[in-house]
Amino acid sequence: QVQLVESGGGLVQAGGSLRLSCAASGRTFSSYDMGWFRQAPGKEREFVAAISWNGRSTYYTDSVKGRFTISRDNAKKNVYLQMNSLKPEDTAVYYCGAGLRATTSRQYGYWGRGTQVTVSS
């Protein structure tokens, strides 16, 4: 079992940067693929980025490519999302998810409670 807690959200001006962190508990964190998702008001949750269990493969939705970077530190049981050149349309609650082989199955069995990111214009 994996428990996830996101942090690092906040209010930032357009063009600014934020780094989100997701701290995991559980002895098998390094076995899980990890992902970041976001949900804006009135919209469905959408995929943002994912990273394989060993960190060798990363995936991004088109709208964040070149601006966001996902990474992980298995020793610290953390996954990160570095967000640069933020835009108002990036405003959302950001969630961390974990799943075995999730980068291919797209099935995430564990979720955090989210952290709010607000980008002002």
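Computed over heavy atoms, backbone and side chain alike; hydrogens, waters and symmetry mates excluded. Starting from 1, each residue takes its place in the sequence as its number.
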Under 4.5 Å between any side-chain heavy atoms of Thr115 and Ser7, yes or no?
no
Gly9 and Leu20 have their tightest heavy-atom pair at N-CD2, 3.6 Å
Under 4.5 Å between side-chain heavy atoms, counting indirect links through other Ile/Leu/Val/Met/Phe/Trp/Tyr residues: same cluster for Val12 and Trp36 or not?
yes
How long is the straight-line distance from CG of Leu18 back to CD of Gln82, given to the nearest 0.5 Å?
8.5 Å
Is the closest side-chain heavy-atom distance between Asp90 and Arg38 below 4.5 Å?
yes
Same cluster for Leu4 and Tyr108 if Ile/Leu/Val/Met/Phe/Trp/Tyr side chains link at under 4.5 Å?
no
Within residues 47-75 or reaching into it, pairs that qualify as ring pair (Phe, Tyr, Trp, His ring centres under 6.0 Å) - sequence neighbours excluded:
Phe37-Phe47
Closer than 4.0 angstrom, basic N to acidic O: yes or no for Glu6 and Arg113?
no
Lys NZ or Arg CZ of Arg72 over Phe29 ring: under 6.0 Å, within 45°
yes
Rounded to the nearest 0.5 Å, what separates atom CE in Met83 from atom OG1 in Thr69?
11.0 Å
Does Gln39 have more than 12 heavy atoms from other residues, nucleotides or ligands lying within 6.0 Å of its CD?
yes
Are Lys65 and Asp62 ion-paired here, with the side-chain N under 4.0 Å from a carboxylate O?
yes
Spacing of CG belonging to Asn74 relative to OG belonging to Ser31, to within rounding of 0.5 Å
9.0 Å
State yes or no: do Tyr95 and Leu81 share one hydrophobic cluster built from I, L, V, M, F, W and Y residues joined by side-chain heavy-atom distances below 4.5 Å, directly or via other members?
no
Between the side chains of Asn78 and Ser21, is a donor N or O closer than 3.5 angstrom to an acceptor N or O?
no
With hydrophobic residues grouped by side-chain heavy-atom distances under 4.5 Å, do Val117 and Val79 end up in a single group?
yes
Rounding to 0.5 Å, atoms CG (Asp33) and OG1 (Thr103) come to a distance of 4.0 Å
Atom of Ser121, atom of Ala14 and distance for their closest heavy-atom approach:
CA-CB, 4.4 Å
Contact check, side chains of Gln116 and Thr91, non-hydrogen atoms, under 4.5 Å:
yes
One should read off an interatomic distance between Glu89 CD and Ser63 OG, to the nearest 0.5 angstrom, of 8.5 Å
Within the 4.5 Å heavy-atom criterion, are Cys96 and Met34 side-chain neighbours or not?
yes
With clusters defined by side-chain heavy atoms of hydrophobic residues (ILVMFWY) lying less than 4.5 Å apart, directly or transitively, does Tyr80 cluster with Tyr32?
no
So how far is it from Gln3 CD to Ser25 OG, rounded to the nearest 0.5 Å?
4.0 Å
